[in-house]
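Here's the structure, in structure tokens; my notes come after.
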Amino acid sequence: MLVAVFSTQPYDREHLERAAAGTGIAWRWFDSRLDADTVALAADATAVNCFVNDDLNAAVLERLRDFGVRLVTLRCAGFNQVDVPAAARLGLPVVRVPEYSPHAVAEHAVGLVLMLDRRLHKAYNRVREGNFSLDGLLGFDLHGRTVGVVGTGRIGGRFAEIMLGFGCRVLAHDPRENAVLASRGVRFVTLAELLAESDIVSLHCPLTPATHHLIDADRIALMKPGAMLVNTSRGGLVDTRAVIAGLKTGHLGHLGLDVYEEEAGLFFDDKSDAIIRDDVFARLLTFPNVVVTAHQAFFTRNALEAIAAQTVRNLVHFERGEPLEAVVTA
Ligand code: NAI
């Protein structure tokens, strides 16, 4: 079976090749994103394999189907980049990797919290330049602080448990209450209550039409003055212009982002010699109390191995006509 792999990075190739040894899967590697301009690259493939910033809209899916592609595999958990109802209409199954390492993402979110709180990004540079002053590095104890977790599935649940370990009071908001977390003392509240009471808010819900710009100007206004916002889920959950306004007035005290709503075409590539043309993103980078990582929360050895193993399993099941695991449904 020939699989066209889009948005390929060297580490994807290494892990997928290793996981597929002996299966007969043939890979064709493309570093470009899958979109309307590149879809023809999949013309003779049986399956495609995509990542977070590929664009699987209805027109792209239709062309894949017309080329004879029979399966869409995602090497990620989120599937907001796929028009799932269109894929269903076209009879194209979409499979993903729902649980490769919730620890990887939750731990990265905690890393952003600690970095912002203790100004580690500033301290690192300062000490390297021989500046051992502590002025401006004053942080706060996490112990005793209130942390709000939006979305308590696999990743948010893990994040909540870690924050309980720090001695934080944890509030959560999720349409499906997580009974295990509730039994450990996490209190499920409305989003408005969570925003009003939390010193730190961390987003772990999926991006859907209902959650697009979940954090907008009105919701930022509900947050405690000086609160911290962390987003390791999907960029579209946050209205970036609104958070910039909140940072400028000082109402928002700290911002940690691993995802950005316009990250496609920016993240995952070395742009160090390029001019950044996105003025909104460039403005974000000017704040001393903002830390941005380029969608790296998933990026651990354990996660890459698990992603490759599940992706190969998905392809092998399809080829053998066995029931598919991890099918995405609307
Ligand atoms: P999950 O499906 O286990 O949990 C998502 C939770 O969000 C569910 O409990 C669901 O009920 C809840 N939810 C849905 N709508 C909500 C709303 N309006 N308000 C509050 N909660 C809501 O998903 P998992 O594995 O925990 O992943 C969460 C998200 O993390 C993914 O959708 C993906 O976008 C993102 N992610 C980011 C990565 C990164 O590298 N930065 C890597 C992997 C996932």
Side-chain angles (χ1 to χ4, degrees), residues 7 9 11-12 50-54 74-82 84 94 96-113 147-162 170-182 186-195 198 201-216 219 222 229-238 256-261 263-264 266-268 291-304 306-307 310-311 326-330:
S7 305
Q9 295 288 343
Y11 46 82
D12 296 318
C50 302
F51 198 48
V52 293
N53 290 325
D54 292 310
L74 305 177
R75 53 180 191 282
C76 52
F79 50 87
N80 52 287
Q81 72 278 42
V82 186
V84 179
V94 180
R96 64 181 177 131
V97 186
E99 183 168 358
Y100 48 84
S101 173
H103 307 285
V105 185
E107 290 168 13
H108 191 80
V110 176
L112 290 174
V113 170
V147 176
V149 185
V150 182
T152 50
R154 298 173 185 89
I155 296 169
R158 186 69 207 116
F159 177 82
E161 283 170 352
I162 299 172
V170 179
L171 301 179
H173 175 69
D174 193 309
R176 285 183 299 163
E177 192 169 311
N178 179 325
V180 176
L181 290 181
V186 173
R187 197 154 66 83
F188 281 79
V189 295
T190 63
L191 183 57
E193 282 176 83
L194 181 148
L195 295 173
S198 299
V201 174
S202 192
L203 306 180
H204 299 286
C205 60
L207 175 61
T208 63
T211 60
H212 182 254
H213 285 186
L214 184 79
I215 303 298
D216 58 8
R219 297 245 164 78
L222 293 178
L229 176 66
V230 172
N231 184 12
T232 56
S233 189
R234 283 293 180 268
L237 295 176
V238 171
L257 296 181
D258 185 53
V259 286
Y260 167 57
E261 52 184 329
E263 69 178 52
L266 190 62
F267 285 5
F268 302 113
V291 170
V292 181
T293 53
H295 209 135
Q296 83 175 76
F298 76 100
F299 197 55
T300 66
R301 258 181 224 105
N302 319 60
L304 288 182
I307 290 169
Q310 173 80 60
T311 299
V327 177
V328 174
T329 51

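Positions are given from 1, in the same order as the sequence printed here. We count ligands from 1, going down the list as the structure has it; atoms in each ligand are counted the same way.
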* Looking only at heavy atoms, which two atoms of L191 and H173 are closest? And how far apart? -> N-ND1, 3.4 Å
* Protein contact of atom 4 (O) of ligand 1 - nearest heavy atom, named by residue and atom, plus distance -> G153 CA, 3.2 Å
* To do: Mark yes or no for whether S101, through its side chain, and A104, through its backbone, hold a donor-acceptor pair below 3.5 Å.
  => yes
* **Atoms in ligand 1 with a heavy atom of H295 nearer than 4.0 Å** => 39 (C), 40 (O), 41 (N)
* Looking only at heavy atoms, which two atoms of L112 and G256 are closest? And how far apart? -> CD1-C, 4.1 Å
* Asked: Going by the order shown, which atoms of ligand 1 are within less than 4.0 Å of some heavy atom of V150?
  -> 20 (C)
* Asked: Counting each atom of ligand 1 from 1 as listed, which ones have a heavy atom of V105 under 4.0 Å away?
  -> 38 (C), 42 (C), 43 (C)
* To do: Within a distance under 4.0 Å of any heavy atom of R176, pick out the atoms of ligand 1 and give their elements.
  => 8 (C), 9 (O), 10 (C), 11 (O)
* Asked: Should you measure from each heavy atom of D258, which atoms of ligand 1 turn up under 4.0 Å away?
  -> 39 (C), 40 (O), 41 (N)
* Asked: Of the listed options (P206, G78, G151), which comes nearest to atom 5 (C) of ligand 1 when hydrogens are ignored and any heavy atom counts?
  -> P206
* Would you say the side-chain atoms of T211 pair up with the backbone N or O of P206, donor to acceptor, closer than 3.5 Å? -> yes
* Could you please spell out the steps behind the side chain to side chain contact (heavy atoms under 4.5 Å, CB included) verdict for Y260 and V292? => CA-CA 9 Å; Y260 167 57; V292 181; 5.8 Å; no
* Asked: Are the side chain of Q81 and the backbone of F51 linked by a donor-acceptor contact shorter than 3.5 Å?
  -> yes
* Asked: Can you find a non-hydrogen atom of S233 under 4.0 Å from ligand 1?
  -> yes
* Within the side chain of D258, is there an N or O that forms a donor-acceptor pair under 3.5 Å with the backbone of A297? -> yes
* To do: Before signing off on this row, confirm whether L214 and ligand 1 have an N or O atom pair separated by under 3.5 Å.
  => no
* **Residue selection (non-hydrogen contact nearest atom 24 (P) of ligand 1) among N231, I155, D174** => I155
* Compute the minimum heavy-atom distance from L207 to ligand 1 and say whether it is under 4.0 Å. => no
* Verdict with supporting geometry, N178 and F188, side chain to side chain contact (heavy atoms under 4.5 Å, CB included) -> CA-CA 9 Å; N178 179 325; F188 281 79; 3.7 Å; yes
* Is the backbone N or O of Y100 less than 3.5 Å from a side-chain atom of Q310, with the two atoms forming a donor-acceptor pair by type? -> no
* Structure fact -> Under 4.0 Å from one or more heavy atoms of T232, ligand 1 contributes atoms 37 (C), 38 (C), 39 (C), 41 (N)
* **Side chain, backbone, both or neither: H108 near ligand 1, heavy atoms under 4.0 Å** => neither
* Give the atoms of ligand 1, by number and element, whose distance to some non-hydrogen atom of F298 is under 4.0 Å. => 40 (O), 42 (C)
* Asked: S202 and side-chain contact (heavy atoms from CB on, under 4.5 Å): which partner among N231, I155, V150, V230?
  -> V230
* To do: With heavy atoms only and a cut-off of under 4.0 Å, state how Y100 meets ligand 1: side chain, backbone, both or neither.
  => side chain
* R96 side chain vs V328 backbone, donor-acceptor pair below 3.5 Å -> no
* **The one among H204, R234, R154, R96 that brings a heavy atom closest to atom 3 (O) of ligand 1** => R154
* Asked: If you measure from atom 19 (N) of ligand 1 to every heavy atom of E177, H173, Q81, Q296, which option wins on shortest distance?
  -> H173
* Structure fact -> Note: ligand 1 atoms sitting under 4.0 Å from heavy atoms of T211 are 18 (N)
* To do: Determine the minimum heavy-atom distance between H295 and F298, stating which atoms define it.
  => O-CE2, 3.1 Å
* Asked: Can a non-hydrogen atom of P175 be found less than 4.0 Å from any atom of ligand 1?
  -> yes
